[in-house]
Student: 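There's a structure below that I have some questions on.
A note on names: the letters A, B, ... follow the listed sequences, proteins ahead of strands, and every chain is numbered from 1. We use all heavy atoms of the structure for the numbers below, so side chains are in, but hydrogens, waters and symmetry mates are not.
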Amino acid sequence: MSTTTTDLDALAAALRAAIGADRVISDRQELRTYECDGLAQYKVIPALVALPADAEQCAAVVRACVAAGTPFVARGSGTGLSGGALPRADGVLVVTSQMRDILEIAPDDERAVVQPGVINLAVTRAATPHGYYYAPDPSSQQICSIGGNVAENSGGAHCLKYGFTTNHVLGVELVTPDGDRVRLGGRAPDAPGYDLLGAFVGSEGTLGIATEVTVRLTRLPESVRTLLAAFETTDEAGAATSAIIAAGVVPAAVEMMDALAIEAAEAAVQCGYPAGAGAVLIVELDGPDPEVAAQFGQVESLCRENGAFEIRIAADDAERALFWKGRKSAFAAVGRISPDYIVQDGVIPRTALSEVLRRIGELSAERGIRVANVFHAGDGNLHPLVLFDAAVEGETVRAEEVSGAILDLCITHGGSITGEHGVGMDKAKYMPRMFTDDDLDTMQLLRCAFDPDGLANPGKVFPTPRLCGEVPGRRKGVHPAQEAGLAEVF
Amino acid sequence: MPADRTLDRLRAAADVVRTAGEHDTVAGVPARYVAAPRDTGQAAALLRAAAALDLAVAFRGGGTKQDWGSPPRRLDLILDTTALTGVVEHAAGDLITVVRAGTRLDELPATLAGAGQQLALDAPLPGGTVGGAVATNTSGPRRMLYGTVRDLLIGVTLVRADGVVAHAGGKVVKNVAGYDLGKLVTGAYGTLGLITECAFRLHPLPATVAYVSRAVDDLAEAGRLAGTVRAAQLVPTALEVDAPAGGPATVTVLLEGTPAGVTARAAAARRLLGADATAADQPPDGWARCPWRDGDVGLKLTAALSGVPRLLSEARAAADRQNLPLALRGSAGVGVLYAGLPGASDPERVAGLVDALRATTAAVGGHTVVLTAPAPVRDRVDLWGPVHGLELMRRVKQRFDPDARLAPGRFVGGI
Ligand SMILES: Cc1cc2nc3c(=O)[nH]c(=O)nc-3n(C[C@H](O)[C@H](O)[C@H](O)COP(=O)(O)OP(=O)(O)OC[C@H]3O[C@@H](n4cnc5c(N)ncnc54)[C@H](O)[C@@H]3O)c2cc1C
Ligand SMILES: Cc1cc2nc3c(=O)[nH]c(=O)nc-3n(C[C@H](O)[C@H](O)[C@H](O)COP(=O)(O)OP(=O)(O)OC[C@H]3O[C@@H](n4cnc5c(N)ncnc54)[C@H](O)[C@@H]3O)c2cc1C
């Protein structure tokens, strides 16, 4: 799939004719703005950028790409952390940032209908006056788009109780990789037929582009109570987490940070966590008043019984925000204590927490690479921050090795290589460690049903995508298209 | 008796095959053979053999819903999962369980309750299996709080039409690696592959439950009350309306939680529902059961939440116009209702009612699906009604089952 300059010029002209000249970018300097997503170690300048105004324009862009045999990559806000929205040098980047209308807030239906470029937090802002909110809350919620959330099946601190994007998306309208507009699901539950909506959520832009999303709105809880508990060790904090779950309490969130993560957060936002803590837990309960009141005391004593030496209870929203500030800024904060870092995103069964954290500690000591741990303790979703200095000879390689070893550790414990950030370009090579060839081939059957020509975000998620006509089981080497894509990565 | 080479070849794949008896039918279509594999390996060997022999295959769990969906266009082999049973793993600390597909749903509570946990699907119809529940994606009242099978299933092992074994998801709740094939096979009526193992997320058993009920005179009132409850701060586990044909309707709110919390919320629920509301710790009659019996017509009606009152009253009015006794029961709190009609109803009238229901459900954003019906009705009505994305669905089926051997014709659009 090599695209020549004349082909590109023709495609650019076709796109301009279809959606207007001001919606197509071909100037190399301007294109640079889009060379990476939140994972900045991979950079590729797209051949063209298209900024459709609506679903019909989006479909027109895809049809033009199909006609030219050109791959396309969808992009929302570009905050992804797995290189999912990394452009193709020979492809069109379809950016949804001009599709930002909230089309409808229907509290009586507990639904909102939005364009894909709408920012996650904007939905909650629009729904709050009606007594509702949009539950999935990735830490990036002030900037990431709903379309990106759908594509990544994003999670957040509150998934433990409320589930992930997939549990809150009730319908999408998408442009299929051959340029058709199709509706899946919608206002009512359980549309007849295959659950293609369920398959589309989390497909990372490889099954088409979402152009309209219907999401569930959740009633604002009557009561929210938050505590911050400080422990000497992560083992104790882990034991407290298990005890809470074992007691049958389902908190809205249980988040943990270790000493190094706390240090980073303090340096960045002075959140004033208890001095000398080897681990802090943030536990939040929400729901009807009488339930929260009954369970909060129980959570508090379980923390104490498991070694908490200090417990703070948020007196009001401002104090709650302060507890969360340290946690929510942790990723960015490590930038203060390390020139470079990798945000890892593995999952383990919660019961393996102490063992895995200990092993991460050993790996860190063995390789001389610091690892800060910030994570969703309630559902075993780790975010080890692997710190390094690219200027120091060999550190980058060692950091990547530690990062990969952590993923292997997750797989060995029956976990996953990604809990919320997606596979993207970054983790495609790890997929065969978690899945067999047969598993991956079966996923390709779905891919090929949607995208027989492999034009939608090729080279992402799957390590060696086969062409759809190929006989299953006969695997060639690296796909030439992917090879070409990789060659441009620097 | 002449030698049966097909039977021999199936037995060579796994010696768990017999010739079919008179009860081995799917929606009235007789099969030639029945095989009951004991593990995923045997199931895979059988499906490979069936592929080589070009046999049409349908799957059967407890057999409680073989009359749901359309009859298969052709059928040679029933793959029966009743020997593919057992809990593979229950990791109580991680709130997950892995179960073989033929395991009866009603056997799980005993296993899980010891750890104070539950798979939050409703009290099973006797005999239904885990695989069957996933394949039909039906749901009971508690979906309002816990979601449906699709929300609780976190990992799946399936055997494709060509006998290849594939896994998707896993046994951690949070996982976005690869496509969610578990969702794809949920509600697929066994047309994409055989599910042999499922991993589910579990929930703690609530310490206390209360069912707060109130009888109402007309369905519009029931719809209004449902809206009031939803807008309040009760966080119900279920919000059901039960409206038998010709009798008064009942609205029931299920509350679960701590003893103190449930007492306070039940009192609040009674205030909302009205003076004559009652609270009980046991479900009312018919709770979590379809409002029809074997051989009846069973329908599923869906609506956007704000359309539930309209759907309730218009459904009853449309049935009255056709002079049919329509029983309605379902989750007013999520917009899913089930409806039942006597099996002996005049097919023309049923068809007229289905048309009217389709018009109403479409107007409120939902669908009308005929889940089951006696043959004369089935011949007269389109079971599934209009389906969005049908072309994509056909393409998915074509990739997973290119020779159309898995229950051909059973699903939407003749898939
Ligand atoms: C500081 C920080 C904190 C974060 N915290 C979290 C967190 O807590 N939880 C979490 O889950 N993630 C988190 N993320 C990751 C990221 O924000 C999410 O993955 C988010 O969903 C990406 O949205 P986006 O709009 O930026 O998508 P992009 O990065 O633009 O794209 C992401 C993927 O979605 C595809 N895509 C985008 N729009 C569409 C569309 N309309 N149709 C089809 N495909 C599309 C792209 O092709 C790409 O594969 C964090 C990121 C940062 C930088
Ligand atoms: C209002 C309502 C509430 C309900 N609540 C519940 C409930 O709480 N719990 C409950 O158990 N049931 C409930 N049911 C019914 C139930 O969901 C299923 O219909 C039942 O579990 C079917 O199981 P079975 O083993 O008898 O399936 P069968 O009748 O044997 O099969 C049904 C369908 O599933 C396919 N199938 C069966 N096994 C597999 C497999 N392993 N892989 C692929 N396809 C397969 C078959 O081919 C067939 O198409 C409810 C139904 C309604 C309408």
Student: Is there side-chain contact between A:Thr206 and A:Arg447, with heavy atoms separated by less than 4.5 Å?
Tutor: yes
Student: Given a strict heavy-atom distance threshold of 4.5 Å, which part of B:Glu89 is in contact with chain A: side chain, backbone, both, or neither?
Tutor: neither
Student: Under 4.5 Å heavy-atom distance to chain A, tell me which part of B:Val396 shows up: side chain, backbone, both or neither.
Tutor: both
Student: Answer with side chain, backbone, both or neither: which region of B:His367 has an atom nearer than 4.5 Å to a non-hydrogen atom of chain A?
Tutor: side chain
Student: Report which part of B:Pro259 has an atom under 4.5 Å of a heavy atom belonging to chain A: side chain, backbone, both, or neither.
Tutor: neither
Student: Just give me the residue among A:Glu420, A:Arg187, A:Met431 that pairs up with chain B most often, heavy atom to heavy atom, under 4.5 Å.
Tutor: A:Glu420
Student: Can you confirm if the aromatic rings of B:Tyr146 and B:His203 lie within a centre distance of less than 6.0 Å?
Tutor: yes
Student: Under 4.5 Å, counting heavy-atom pairs only, tell me which of A:Ala294, A:Pro349, A:Gly346 racks up the most with chain B.
Tutor: A:Pro349
Student: Report yes or no: do A:Thr418 and A:Asp345 form a side-chain donor-acceptor pair below 3.5 Å?
Tutor: yes
Student: What's the shortest heavy-atom distance between A:Gly84 and A:Lys460, and which atoms?
Tutor: O-NZ, 3.0 Å
Student: Would B:Tyr179 and A:Thr442 count as having a side-chain donor-acceptor pair, cut-off 3.5 Å?
Tutor: no
Student: With a 4.5 angstrom heavy-atom cut-off, could you sort out which part of B:Leu390 is near chain A: side chain, backbone, both or neither?
Tutor: neither
Student: Counting only heavy atoms closer than 4.5 Å, note whether B:Val176 contacts chain A via side chain, backbone, both or neither.
Tutor: both
Student: Can you tell which of A:Ala188, A:Gly248, A:Pro221 has the highest number of heavy-atom pairs within less than 4.5 Å of chain B?
Tutor: A:Ala188
Student: At a heavy-atom separation under 4.5 Å, does A:Met443 approach chain B through its side chain, its backbone, both, or neither?
Tutor: both
Student: For A:Tyr194, is it the side chain, the backbone, both or neither that has a heavy atom under 4.5 Å from a heavy atom of chain B?
Tutor: both
Student: Going by atom types only, do B:Ser306 and A:Asp109 share a side-chain donor-acceptor pair under 3.5 Å?
Tutor: yes
Student: With a 4.5 Å cut-off on heavy-atom pairs, point out which of A:Asp289, A:Leu446, A:Val461 contacts chain B the most.
Tutor: A:Leu446
Student: Which bit of B:Ala232 comes within less than 4.5 Å of chain A, counting heavy atoms only: side chain, backbone, both or neither?
Tutor: backbone
Student: Report which part of B:Ala91 has an atom under 4.5 Å of a heavy atom belonging to chain A: side chain, backbone, both, or neither.
Tutor: neither
Student: Does the side chain of B:Glu197 come under 3.5 Å of the side chain of B:His167 through a donor N or O and an acceptor N or O?
Tutor: no
Student: What part of B:Arg394 gets within 4.5 angstrom of chain A, counting heavy atoms only: side chain, backbone, both, or neither?
Tutor: neither
Student: If you count heavy-atom pairs under 4.5 Å between each of B:Val173, B:Asp180, B:Thr148 and chain A, which one has the most?
Tutor: B:Val173
Student: Using non-hydrogen atoms only, which part of B:Leu181 is less than 4.5 Å away from chain A: side chain, backbone, both, or neither?
Tutor: side chain
Student: B:Val185 versus chain A, heavy atoms under 4.5 Å apart: side chain, backbone, both or neither?
Tutor: neither
Student: Does NE2 in A:His168 sit with more than 12 non-hydrogen atoms of other residues, nucleotides or ligands closer than 6.0 Å?
Tutor: yes
Student: Report yes or no: do A:Thr176 and A:Asp178 form a side-chain donor-acceptor pair below 3.5 Å?
Tutor: yes
Student: Under 6.0 Å between ring centres: does that hold for A:Phe200 and A:Phe450?
Tutor: no
